[in-house]
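For reference, the structure is listed below as structure tokens.
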Amino acid sequence: MSYQFSEEFALQQDREDQLADYRNHFIFPVVKDRPALYFTGNSLGLQAVKTKQYLLNELEDWARYGVEGHTEARKPWLPYHEFFTKAFSHIAGALPSEVVAMNGLTTNLHLLMVSFFRPAGKRTKILCEAKAFPSDQYALKSQLRFHKLDPAANLIEIKPDPQTELINEEDIYRAIEEHGDELALSMIGGVNYYTGQLFDIKGITEAVHKVGALAGWDLAHAAGNVPLQLHDWGVDFAAWCGYKYLNSGPGGVSGVFIHERHHNQKDIPRFEGWWGHDKASRFSMPDEFNPIPTAEAWQLSNAPVFSMTPLLASLEIFEEAGMEALRQKSLKLTGYLEYIIHEVNTETGAGLKILTPREEERRGCQISLVVPGVGKSVFEKISKEGVIADWREPDVIRMAPVPLYNSFKDIYDFGQILKKALA
Ligand SMILES: *Cc1c(COP(=O)(O)O)cnc(C)c1O
């Protein structure tokens with residue numbers, strides 16, 4: 001696609017964009033009396049306009065029905081988590097039986113590792129990316145220690161290339177081969193939170209299986225951002241946040257995928273609670289746990305309705321827009337941001353650098369921009385002008401144009417502001 005750094009071009013793209021109207025379904029923070037140029041949907045997605053009414057409905061139903069709301073509420077609370085199944089199955093590329101909405105992301109990673117990190121004999125190692133999101137590192141190391149294993153010897157961290165800061169996938173494949181029958185689990189972020197690099201989830205999963213290990217994925221930065229086919233790719237398990245690309249609001253509920261080959265395994269180690277128990281006999285409270293034959297077996301508690309409602313409002317919009325159309329727009333929008341950064345760089349000679357891979361199939365919508373030397377001051381200047389982006393030490397500005405609510409005009413305006421900030 002050929003781009004132009006002009007307002008006219010950007011506005012024309014917005015007129016031709018079939019998804020453009022979804023922008024009006026979200027609320028933008030206001031900076032200097034104008035809607036912000038919001039590029040942090042990878043960190044906290046925006047509030048859908050209808051979220052407030054959805055929450056008010058739940059408050060009303062609670063007031064009207066009290067405990068009877070479990071069955072009488074407009075959206076009954078007893079099966080509340082089931083309202084997420086369809087949209088999550090589309091976002092994850094999964095069977096409906098393979099997904100469930102519950103807990104927070106790190107909590108879910110732990111619960112999943114209880115089931116799928118089962119070190120035995122010499123097969124004790126976990127493979128991950130170096131500089132993974134800190135919470136993932138803490139989770140992996142504490143899981144190892146929980147099994148009386150030394151993280152220094154059992155956590156294999158694939159380091160990025162010091163030149164590009166990206167991870168060479170060949171290094172991942174080499175490590176899988178090298179550790180072979182000592183590898184128990186791989187747990188990698190599908191899209192790296194720092195560089196925006198998207199990994200070949202299918203290829204890596206296959207390589208991990210070939211040496212007899214299991215493949216789990218942290219999809220915090222992938223869900224709702226890039227197309228996923230977790231079922232067909234044979235992924236063992238995955239989890240993602242609700243509050244990043246999926247707009248569930250701060251601390252909102254996470255999503256989980258567990259491949260159907262792991263369902264209905266009576267001897268699988270698992271931390272269990274009543275919400276994972278067979279629905280028909282749950283309330284007769286039998287002594288023996290009888291798991292639901294789906295990913296729902298991993299649920300512990302009944303659904304936290306108020307923190308799930310905003311996610312419901314957003315997922316309805318995802319269902320309407322469709323991941324395929326969102327990805328098509330996303331490729332154009334992120335391509336435009338990349339182009340604008342190159343143009344500004346040519347005009348200003350600022351030496352701007354993009355960490356994120358150039359190839360479309362190796363990234364989602366995020367661009368990680370390095371402004372050598374003066375990054376922090378440039379970040380502060382553009383922030384004052386109404387750009388909401390994200391600063392990461394030592395020198396990265398992370399930006400995510402989100403196809404659901406960002407426009408080409410947003411990116412053109414950002415280009416003008418960046419140019420001024422560098423002048
Ligand atoms: C955002 C993010 C988290 C956050 O974890 P919570 O448990 O939701 O607080 C963890 N891991 C990765 C890779 C993330 O991007």
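Order of appearance sets the numbers: ligands from 1, and atoms from 1 within every ligand.
- Considering only non-hydrogen protein atoms, atom 3 (C) of ligand 1 sits nearest to Phe133 CE2, 3.3 Å.
- Side-chain atoms of His259 come within 3.5 Å of backbone atoms of Arg261 as a donor-acceptor pair (strictly under, hydrogens ignored).
- Scanning Glu129, His221, Lys244 for the heavy atom closest to atom 14 (C) of ligand 1 points to Lys244.
- The shortest non-hydrogen separation linking Val235 to Ala238 is CG1-CB, 4.5 Å.
- Every atom of ligand 1 with a heavy atom of Tyr243 under 4.0 Å away is listed here by number and element: 1 (C), 4 (C), 5 (O), 6 (P), 8 (O), 9 (O).
- Per-residue contacts place Asp218 under 4.0 angstrom from the following atoms of ligand 1 (heavy atoms of the residue considered): 11 (N), 12 (C), 13 (C).
- Close N/O approach between Asp136 and ligand 1 is found [any backbone or side-chain N/O within under 3.5 Å].
- Taking all atoms of both residues into account, the shortest heavy-atom contact from Ala303 to Met308 is CB-SD, 3.5 Å.
- Heavy atoms of Gly189 stay at 4.0 angstrom or farther from ligand 1.
- In this structure, Arg34 contributes its side chain and Gly386 its backbone to no donor-acceptor pair below 3.5 Å.
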Side-chain polar contacts of residues 131-139 - donor-acceptor pairs under 3.5 angstrom, sequence neighbours left out - could you list them?
from, atom 1, to, atom 2, distance (Å)
Ser135, OG, Thr106, OG1, 2.8
Gln137, NE2, Glu157, OE1, 3.3

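- Figure legend: cation-pi geometry between Arg398 and Tyr193 absent, as NZ or CZ is not positioned both under 6.0 Å from the six-membered ring centre and within 45° of its axis.
- Remark: ligand 1 atoms within the under-4.0 Å shell around heavy atoms of Thr106 are 5 (O), 6 (P), 7 (O).
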